[in-house]
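Worksheet: one structure, shown below.
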Amino acid sequence: MDNIARGRLSGGVRVESRVRCWECHREVEDPYLDACPSCDGLLEVSLDLEPVKEMAPSDLRTSPLGVWRYTPFLPVRPSMAVSLQEGGTPLYGCAPLASDLGVKALSVKYEGANPTGSFKDRGMTVGITRAKEIGADMVGCASTGNTSASLAAYAAKAGIGCLVLLPEGKVALGKLAQAIFYGAKVVSVEGNFDDALRTIREMAAQRLLYLLNSINPFRPEGQKTLLLEIMDQLDYRMPDRIVLPVGNAGNISAVHKALKELEEVGWIDSMPMLTGVQASGSRPLVESFRAGRRDFDPEPGPETVATAIRIGNPVSGRKALDAIYSTGGTAVAVSDEEILDAQLMLGRREGIGVEPASAASVAGLRRLLDEGVADRDEEVVCICTGNALKDPDTMMSQCVRPYSSRPEVAAVLEAIR
Ligand code: F0G
């Protein structure tokens with residue numbers, strides 16, 4: 001059957017996978033569908049992990065750290081992999097930042113170190129490999145920027161045509177430049193990301209292209225490796241909390257799926273509190289979490305300096321809420337000011353350059369600690385999703401914002417004077 005993918009494991013073991021509706025569990029065979037034909041629910045890949053139960057995490061350590069170390073958890077054929085050697089990103093211990101924020105331990109998973117500078121490359125290597133498996137000759141996405149930069153690069157590597165729809169005037173310069181540079185057809189759409197996504201989904205429904213937004217269930221499969229890698233880097237010591245910026249909500253859902261799969265194979269027996277951070281001007285999930293709801297009302301006019309998460313109608317919003325509720329996590333909104341402060345803190349205290357949306361994770365943690373929602377005794381991992389160079393305009397404007405300079409610099413200047 002076409003929808004059964006097999007991955008070869010070490011020792012010749014194979015995993016099987018099927019695409020199912022996340023809501024009604026119906027199996028879906030048509031690879032061009034991005035929603036359930038019965039109930040319009042979100043799709044997801046279900047893996048038969050029985051063979052992996054015989055393995056231990058150390059069995060995978062013969063391959064380098066990175067997405068393709070985790071082939072037993074990936075529903076595509078590794079022999080067809082289209083890879084730019086994504087993943088294998090640093091997990092920085094951030095003692096100075098932890099002490100500034102007043103938390104026991106803080107690590108930053110720096111996804112800006114991926115080939116195109118964001119975490120999207122993890123999902124895209126798997127998504128494009130799937131596109132090749134099904135023989136697609138044109139791929140496309142709507143994007144706030146990073147997905148398009150990543151898709152453009154992987155489509156180039158695979159020799160597949162690529163169309164990206166971007167919300168007019170709201171994509172950071174570096175991301176726009178990347179998409180054009182890698183040779184994608186770039187079309188600017190009047191409206192916001194949600195409008196662009198609606199348009200490209202219509203094109204995909206007409207089979208004009210294979211859609212590679214995170215609503216495609218193969219994209220989150222690659223993004224699961226973010227969590228798998230963190231566990232490897234921590235030697236399977238579970239952090240208390242993982243904090244992520246949330247836009248379209250694919251990433252937090254993928255991390256949750258990875259946790260459930262690790263639990264299923266018996267490699268973990270607890271979960272971290274998954275914590276989603278949205279910008280105040282774009283926070284439909286925070287609102288619904290506060291109301292204790294499992295569904296949400298889209299926000300018609302999202303607005304934030306963190307353009308990557310300027311999304312009012314997150315397609316995986318229901319999965320994200322499930323991830324938060326079932327791990328005992330929380331959802332929090334932060335202002336643009338808090339985001340920019342956190343971006344500067346990461347740069348000046350830790351030498352870590354992230355784009356504004358990425359800094360939302362640290363800003364969210366700071367707010368939760370200040371409000372007493374997060375405990376100061378926790379060990380926390382913040383996901384920083386994209387590189388500072390993605391958004392040079394914001395970086396430049398940050399350079400003139402005041403930030404308490406280190407005292408020794410002031411002393412040296414005084415001495416020179
Ligand atoms: N951080 C960055 C830097 C992003 O680019 C995105 C999403 C997110 C966080 C949120 O992740 O959507 O999985 O909840 N960017 C998408 C894009 C929407 O088109 O590049 P999410």
Tell me whether Asp48 contacts the main-chain N or O of Glu16 through its side chain, where contact means a donor paired with an acceptor under 3.5 Å. no
Please check: side-chain N/O of Asn114 versus main-chain N/O of Glu86, any donor-acceptor pairing under 3.5 Å? no
Is a side-chain donor or acceptor of Thr327 paired with a backbone partner of Ala323 at a separation under 3.5 angstrom? yes
Are any non-hydrogen side-chain atoms of Cys162 and Tyr154 less than 4.5 angstrom apart? no
Considering residues, nucleotides and ligands other than Glu264, do more than 12 of their heavy atoms fall under 6.0 Å from its CD? yes
The single option from Glu261, Glu229, Glu44 passing salt bridge (Lys or Arg N to Asp or Glu O under 4.0 Å) against Lys224: Glu261
Any side-chain heavy-atom pair from Leu228 and Leu262 closer than 4.5 angstrom? yes
When you look at CG of Asp295, are more than 12 heavy atoms from neighbouring residues, nucleotides or ligands closer to it than 6.0 Å? yes
Backbone N or O of Glu378 within a donor-acceptor pair of the Asp240 side chain at under 3.5 Å? no
Arg18 and Ser46: side chain donor to acceptor below 3.5 Å: no
Of the non-hydrogen atoms in Ser143 and Gly145, which two are nearest, and what is the gap between them? OG-N, 2.7 Å
Distance-only side-chain donor-acceptor flag, Tyr210 / Asn216, under 3.5 Å: yes
Show your working on side-chain contact (heavy atoms from CB on, under 4.5 Å) between Trp68 and Thr129 and close with a plain yes or no. CA-CA 12 Å; Trp68 295 95; Thr129 301; 3.9 Å; yes
Quick check on Lys185: does its NZ atom have over 12 non-hydrogen neighbours (other residues, nucleotides or ligands) under 6.0 Å away? no
For Val164, does its backbone N or O pair with a side-chain atom of Ser148 as donor and acceptor, under 3.5 Å? no
Do Ser335 and Glu338 have a side chain donor and acceptor closer than 3.5 Å? yes
Side-chain donor/acceptor of Arg219 to backbone N/O of Leu212, under 3.5 Å: yes
Report yes if some heavy atom in the side chain of Thr330 is under 4.5 Å from a heavy atom in the side chain of Arg241; otherwise report no. yes
Flag, side chain of Ser282 to backbone of Ile309, donor-acceptor distance under 3.5 Å: yes
Side chains of Thr125 and Leu84: does their closest heavy-atom pair fall under 4.5 Å? no
Looking at Asn387 and Val354, would you say the former's side chain and the latter's main chain have a donor-acceptor pair under 3.5 Å? no
Residues forming a salt bridge (Lys or Arg N to Asp or Glu O under 4.0 Å) with Arg310, sequence neighbours excluded: Glu303
Any donor-acceptor pair under 3.5 Å from Trp22 side chain to Val45 backbone: no
Using a distance-only test with no angle check, is there a side-chain donor-acceptor pair under 3.5 angstrom linking Thr385 and Ser118? no
Is there a donor in the side chain of Asn146 and an acceptor in the side chain of Lys390, or the other way round, less than 3.5 Å apart? yes
N/O donor-acceptor pair under 3.5 Å between Lys109 side chain and Thr89 backbone: yes
Under the side chain to side chain donor-acceptor pair (under 3.5 Å) rule, collect the residues that match up with Asp391, sequence neighbours excluded. Thr394
